[in-house]
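Presented below is the structure to which this report refers.
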Amino acid sequence: MTMITEIKNTQILPREFYIRDDVTLIARDLLGKIILTYIEGVYTGGIITETEAYAGNNDRACHANNGKRTARTEVMYARGGVAYVYLCYGLHSMLNVVTNEEGKADAVLIRAIKPLWGLACIRKRRISQKKENLLCSGPGALAQALGIDKKMNGLPFAGPQIFIAEKWCTGGKSYLAVKPDKVIVSQRIGVAYAGEDALLPWRFIVG
DNA sequence: CTAACGATTCGCT
DNA sequence: GCGAATCGTTAGT
């Protein structure tokens, strides 16, 4: 009964949010935003707490560096606001937010969230993880917690399967994205192969 | 076709 | 701290 009201009050991030040229700015701005998936009738999600920026040009850590086009990277060239999901080490799905206009292959890797919605379901998906604070920390863990895999590659963050929002209404309550008052900046994880580009301060954590 | 490896995680020492 | 798990993607033969 309250469903219609809830949907109406929810504020999905507008497409313009993603269509900006500075991917590091977007990576920062994503901190504190609300992210959820809707799978088999269950919403799971939380607040974004850690991101990394990857730039299509002049960033050797980026899969689509300097125009590299393969079947896997193709979605990175799409218009911003859709998901880039790929499998890492044969077992972990990585969730990225594609940004910038069509043809510019920037993306933001979501590395961690603070889980708030669908905790029972999240714990079920993360059955092997006993520590509550590690449920959604790390890109592979986070994707597993939210039920994200390659099937979600290319889906828009405007829903209905995956959402990023400024405001989310559920259970008669509304939640606003929180602007972190402190952001810790550091080098990106696991990109040593990128040479000098591995040193770029493009990892952002809510402090 | 083949081989090497990765934007990682977890359990064990 | 170390190493196994595990397979799609990629580049090279």
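Just so you know, these numbers use all the heavy atoms, side chains as well, and skip hydrogens, waters and symmetry mates. None of these values were measured; they are calculated from a predicted model. Sequence lines set the chain letters: A, B, ... in the order given, protein chains first and strands last, and positions in each chain run from 1.
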Item to check | Nearest-Å distance for atom pair OH/P, residues Y86(A) and dT8(B) | outcome: 6 Å

Checklist outcome for this item: Closest to the side chain of K150(A), out of dG11(B), dT8(B), dG8(C), is dG8(C)

Next on the checklist: With a 4.0 Å cut-off on N to O distance, would you call R20(A) and D106(A) a salt bridge?
Outcome noted: no

Checklist outcome for this item: Rounded to whole Å, the CG-C1' distance (L87(A) to dT10(C)) equals 14 Å

Item to check | Distance, rounded to the nearest Å, where K130(A) contributes NZ and dT9(B) contributes P | outcome: 18 Å

Checklist outcome for this item: Symbol by symbol from the 5' end, with Watson-Crick or G-U pairs under 3.5 Å, [ ] crossing and | another strand, DNA chain B is ||||||.|||||.

Checklist entry - At under 4.0 Å, does any side-chain N or O of T70(A) touch on OP1 or OP2 of dT10(C)? => result yes

Checklist entry - Under 4.0 Å: is that the gap between some side-chain N or O of Y193(A) and OP1 or OP2 of dA7(B)? => result yes

Checklist entry - What are the two closest heavy atoms between I122(A) and A145(A), and how far apart are they? => result CG1-O, 3.5 Å

Next on the checklist: When you measure from the side-chain N and O atoms of K131(A) to the phosphate of dT9(B), is any distance below 4.0 Å, counting only OP1 and OP2?
Outcome noted: no

Checklist entry - Can Y54(A) be called stacked on dA7(B) when the rule is centres closer than 5.5 Å and an angle between planes below 30°? => result yes

Next on the checklist: Are Y54(A) and V191(A) packed together at the side-chain level, in the sense that at least one heavy-atom pair is separated by less than 4.5 angstrom?
Outcome noted: yes

Checklist entry - Thinking salt bridges, do R60(A) and E196(A) make one under a 4.0 Å N-O criterion? => result no

Checklist entry - How many Å lie between CD1 on I189(A) and C1' on dT8(B), as a whole number? => result 11 Å

Next on the checklist: If you only use heavy atoms from C-beta on, which nucleotide in dC10(B), dT8(B), dA7(B) is closest to the side chain of H63(A)?
Outcome noted: dA7(B)

Checklist entry - Do any side-chain nitrogens or oxygens of Q129(A) fall under 4.0 Å of OP1 or OP2 in dT9(B)? => result no

Checklist entry - Is any side-chain N or O of R72(A) closer than 4.0 Å to OP1 or OP2 of dT10(C)? => result yes

Checklist entry - For the side chain of H92(A), counting heavy atoms from C-beta on, which of dC10(B), dT6(C), dT9(B) is nearest? => result dT9(B)

Checklist entry - Taking the side chain as C-beta and beyond, is there a heavy-atom pair between V97(A) and I26(A) under 4.5 Å? => result no

Item to check | Spacing between I148(A) atom CD1 and dT9(B) atom C1', to the nearest angstrom | outcome: 17 Å

Checklist entry - Does R15(A) make a cation-pi contact with Y18(A), if we ask for NZ or CZ under 6.0 Å from the ring centre and within 45° of the axis? => result no

Checklist entry - Which whole-number value in Å describes the distance from L95(A) CG to dT8(B) P? => result 14 Å

Checklist outcome for this item: From CG of L91(A) across to P of dA7(B) the rounded distance in Å is 13 Å

Checklist entry - Reckon A61(A) touches a base, only the sugar-phosphate, or nothing at all at heavy-atom distances under 4.0 Å? => result base

Checklist entry - Taking CG from N153(A) and C1' from dT9(C), how many angstroms apart are they, rounded to a whole number? => result 13 Å

Checklist entry - Do any side-chain nitrogens or oxygens of R126(A) fall under 4.0 Å of OP1 or OP2 in dC10(B)? => result yes

Item to check | dC5(B) versus dG3(C) - spacing of their C1' atoms, nearest Å | outcome: 16 Å

Next on the checklist: Hydrophobic clustering (ILVMFWY, side-chain heavy atoms < 4.5 Å, transitive) - are Y193(A) and M94(A) grouped together?
Outcome noted: yes

Next on the checklist: Here's a test for you: under ring pair (Phe, Tyr, Trp, His ring centres under 6.0 Å), which of Y43(A), Y38(A), Y175(A) qualifies with W168(A)?
Outcome noted: Y43(A)

